[in-house]
Enquirer: 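Take this structure, written in structure tokens, and hold onto it; I'll ask about it next.
Values below: every heavy atom of this structure, side chains too, minus hydrogens, waters and symmetry copies.
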2 protein chains.
Amino acid sequence: MQDILFNFISKYISLTDDEKHEILSLDLFSAAKKGTTLLKEGQQSQDEYFVLKGCIRKYYFINGEEITTDFFTEMEGLTPNCTINNTPSEYFISCVEDCILLVTNSDMGIEINSKFPKFEIMCRMLSEELLAKQQVDFDKFKTSSPEQRYLNLLQNRPDLIQRVPQHQLASYLGIKPQSLSRLRARIMEKSTG
Amino acid sequence: MQDILFNFISKYISLTDDEKHEILSLDLFSAAKKGTTLLKEGQQSQDEYFVLKGCIRKYYFINGEEITTDFFTEMEGLTPNCTINNTPSEYFISCVEDCILLVTNSDMGIEINSKFPKFEIMCRMLSEELLAKQQVDFDKFKTSSPEQRYLNLLQNRPDLIQRVPQHQLASYLGIKPQSLSRLRARIMEKSTG
DNA sequence: TTCATTTCTTAACTTAAGTGAACGAGTTGT
DNA sequence: ACAACTCGTTCACTTAAGTTAAGAAATGAA
């Protein structure tokens, strides 16, 4: 599991064995069972998450129903808005599967960044990368119909369709579960018919 | 016009008069007439834009029609994706109104950042701010219907509805111009009826 | 001004998503 | 093993957006 983490980090910066040991000594790894809620609406947490194994989702609770806006799987990280702005969270985060996570709070983050200035560089690279990716994703969402969005997902993150419940996928695509069922049936008909 | 710029910058960092003069000597200001295309699909530009006055829009050309995904007005900046990744642009940028812009290319950016390390700090603050804002906007878009999105726009950026053509607004809201007309009529009926 | 173009609205019709309800399959807990 | 629940699908019906077409209003250019 540690190898996975250091392998990821090595894409951005290089660490000495001493540095690796020091990071491991902080004991940031944490396991969470499927269904565990990591962050609740209204809560004011300082935690940031990085998924080493499993899948977590971010969702809002609006008019009595969950609306999932993001999934994070292996090697993806999530810094909740409430952590940045120090405000109550507007959304929930929970585990779609059993997970192994790297959980850091702001204090630790500051500690790590002051000990290893390299880390700050990596964080900046990550956030720039994320900003660009986010813009592309947003544009893609705006310029696509629900059906196209489903087909895109099938192309780009086929694993999600397998590992995530349909009703969560549906809201992620911006539609209701019944519409997703219908849409899938429609696509099948086209390809077989 | 310069005052506007320095007033904006002062929210993030403070500049001496000497520094201000040096920035002005770079002659970054540029006027562009309504309708001017600043960036074309396929083009590999290094320019970044900051709007001092006017409004620019970013749009894709898909299946023979324009889809507007963003508007930038006073004190908003746009760093095209192609500039970051050094790839051909996937979208167009053009002026909705007569504009006064601050245009910088990467070389200038590097020059400015090396002369004034403060600037790098400001850029980082801006990009973090932008990332957070972008995430909130994306979630808002996903969790809203076209009608709600229109009402939100009316609340948050009422000026846009006045200064931007309806058909561009429509695609920004994720619908066709006819649907926007209908939607507006529907809202009027509700509020008067 | 006049003519052409663009922009916005309206209408009739089509298509797709929302809604409410029912059903069966699979899970969970007791 | 059984009841309670969750989940995905299907159906009938409603609502909203897409499409096509037409015409009015505003804009721009000759």
Side-chain angles (χ1 to χ4, degrees), chain A residues 33-37 55 57 59-68 71 92 94-98 141-154 160-190 192-193, chain B residues 33-37 55 57 59 61-68 71 94-98 141-154 160-190 192-193:
Chain A
K33 284 270 162 212
K34 174 177 174 177
T36 307
T37 299
C55 175
R57 65 188 254 263
Y59 63 97
Y60 291 75
F61 195 76
I62 298 177
N63 298 331
E65 62 180 340
E66 294 181 359
I67 302 187
T68 300
F71 294 102
F92 295 80
S94 78
C95 299
V96 174
E97 303 170 345
D98 290 353
F141 192 91
K142 277 186 180 171
T143 57
S144 304
S145 66
E147 182 166 331
Q148 287 171 316
R149 290 201 282 264
Y150 176 76
L151 292 170
N152 284 339
L153 202 64
L154 211 54
L160 268 194
I161 295 174
Q162 299 308 319
R163 60 207 286 196
V164 166
Q166 299 289 315
H167 64 278
Q168 291 174 9
L169 263 188
S171 72
Y172 181 63
L173 294 170
I175 55 176
K176 302 285 162 188
Q178 297 91 322
S179 298
L180 179 54
S181 274
R182 199 164 29 191
L183 181 155
R184 281 154 63 96
R186 203 160 62 220
I187 290 171
M188 286 301 272
E189 211 173 295
K190 278 182 197 163
T192 58
Chain B
K33 283 269 161 213
K34 174 177 174 177
T36 308
T37 300
C55 175
R57 66 187 254 263
Y59 62 97
F61 195 77
I62 297 176
N63 299 330
E65 62 179 340
E66 294 181 359
I67 302 186
T68 299
F71 294 103
S94 78
C95 299
V96 173
E97 302 170 345
D98 291 352
F141 191 91
K142 278 185 180 172
T143 57
S144 305
S145 66
E147 183 167 331
Q148 287 172 316
R149 290 199 283 264
Y150 176 77
L151 292 170
N152 283 339
L153 201 63
L154 210 56
L160 268 193
I161 294 173
Q162 299 308 318
R163 62 208 284 195
V164 164
Q166 299 289 316
H167 64 280
Q168 291 173 10
L169 263 188
S171 71
Y172 181 63
L173 295 170
I175 55 177
K176 303 284 162 190
Q178 298 91 320
S179 298
L180 178 55
S181 274
R182 198 164 30 191
L183 182 155
R184 282 153 63 95
R186 201 161 63 220
I187 290 170
M188 285 302 271
E189 209 173 297
K190 278 181 197 165
T192 57

Enquirer: On a heavy-atom basis, which atom in B/Asn152 and which in B/Ser144 lie closest, and how many Å separate them?
Expert: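 For B/Asn152 versus B/Ser144, the nearest heavy atoms are ND2-OG, 3.8 Å.
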
Enquirer: Can you tell me how far C1' of C/dA16 sits from CD1 of B/Ile175, to the nearest Å?
Expert: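 Taking CD1 of B/Ile175 and C1' of C/dA16, I get 15 Å after rounding.
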
Enquirer: Which pairs, protein N/O on one side and nucleotides 23-25 of chain C N/O on the other, fall under 3.5 Å?
Expert:
none

Enquirer: Centre of A/Tyr150's six-membered ring, under 6.0 Å away, within 45 degrees of the axis: is that where NZ or CZ of A/Arg184 sits?
Expert: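 So A/Arg184 doesn't make the cation-pi contact.
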
Enquirer: What I want to find out is whether A/Arg182 reaches A/Glu189 closely enough, with some N-O distance under 4.0 Å, to be called a salt bridge.
Expert: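 Salt bridge: no.
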
Enquirer: If I take atom NZ from residue A/Lys142 and atom CG from residue B/Leu173, how far apart are they, to the nearest 0.5 angstrom?
Expert: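 Rounded to the nearest 0.5 Å, the NZ-CG separation comes to 9.0 Å.
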
Enquirer: Which part of the nucleic acid, if any, lies within contact of A/Arg182, taking any heavy atom under 4.0 Å across all strands shown: a base, the sugar-phosphate backbone alone, or nothing?
Expert: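 A/Arg182: base contact, heavy atoms under 4.0 Å.
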
Enquirer: Between P on C/dA16 and CD on A/Glu189, what's the gap in Å once rounded to a whole number?
Expert: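 Whole-Å distance recorded here is 11 Å.
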
Enquirer: Using a cut-off of under 3.5 Å, enumerate the N/O to N/O pairs linking the protein to nucleotides 6-8 of chain C.
Expert:
from	atom 1	to	atom 2	distance (Å)
C/dC8	OP1	B/Gln166	N	2.8
C/dC8	OP2	B/Gln166	N	3.0
C/dC8	OP2	B/His167	N	3.2
C/dC8	OP2	B/His167	ND1	3.0

Enquirer: Where the side chain of B/Gln178 is concerned, which of D/dT20, D/dA17, C/dA17 is the nearest nucleotide?
Expert: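 The listed nucleotide nearest to B/Gln178's side chain is D/dT20.
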
Enquirer: Taking the inter-plane angle between the rings of A/Phe61 and A/Phe92 on a 0 to 90° scale, is it parallel (under 30°), tilted (30 to 60°) or perpendicular (over 60°)?
Expert: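 The rings of A/Phe61 and A/Phe92 stand perpendicular, inter-plane angle above 60°.
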
Enquirer: Can you measure A/Lys34 atom NZ to C/dT28 atom C1' for me and round it to whole angstrom units?
Expert: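 Distance, rounded to whole Å: 11 Å.
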
Enquirer: Can you tell me how far the OG atom of B/Ser94 sits from the CD atom of B/Gln168, to the nearest 0.5 Å?
Expert: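 Result: 7.0 Å between the selected atoms.
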
Enquirer: What integer distance in Å separates A/Ile161:CD1 from D/dG8:P?
Expert: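 That distance rounds to 13 Å.
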
Enquirer: Rounded to whole Å, please give me the gap between CD1 in A/Ile187 and C1' in C/dA16.
Expert: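 Rounding to the nearest Å, CD1 of A/Ile187 and C1' of C/dA16 are 13 Å apart.
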
Enquirer: Taking it one step at a time, do B/Glu97 and B/Lys33 satisfy salt bridge (Lys or Arg N to Asp or Glu O under 4.0 Å)?
Expert: CA-CA 7 Å; B/Glu97 302 170 345; B/Lys33 283 269 161 213; over 6 Å; no

Enquirer: Just verifying a value: how many Å separate A/Leu169 CG and A/Ile175 CD1, rounded to the nearest 0.5 Å?
Expert: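 Going from the CG atom of A/Leu169 to the CD1 atom of A/Ile175 covers 9.5 Å.
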
Enquirer: Examine C/dA17: is either OP1 or OP2 under 4.0 Å from a nitrogen or oxygen in the side chain of A/Arg186? Give yes or no.
Expert: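 Yes, within the criterion.
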
Enquirer: Using whole Å, what does the distance between atom C1' of nucleotide D/dT20 and atom CD of B/Glu65 come to?
Expert: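 Roughly 14 Å, once rounded to whole Å.
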
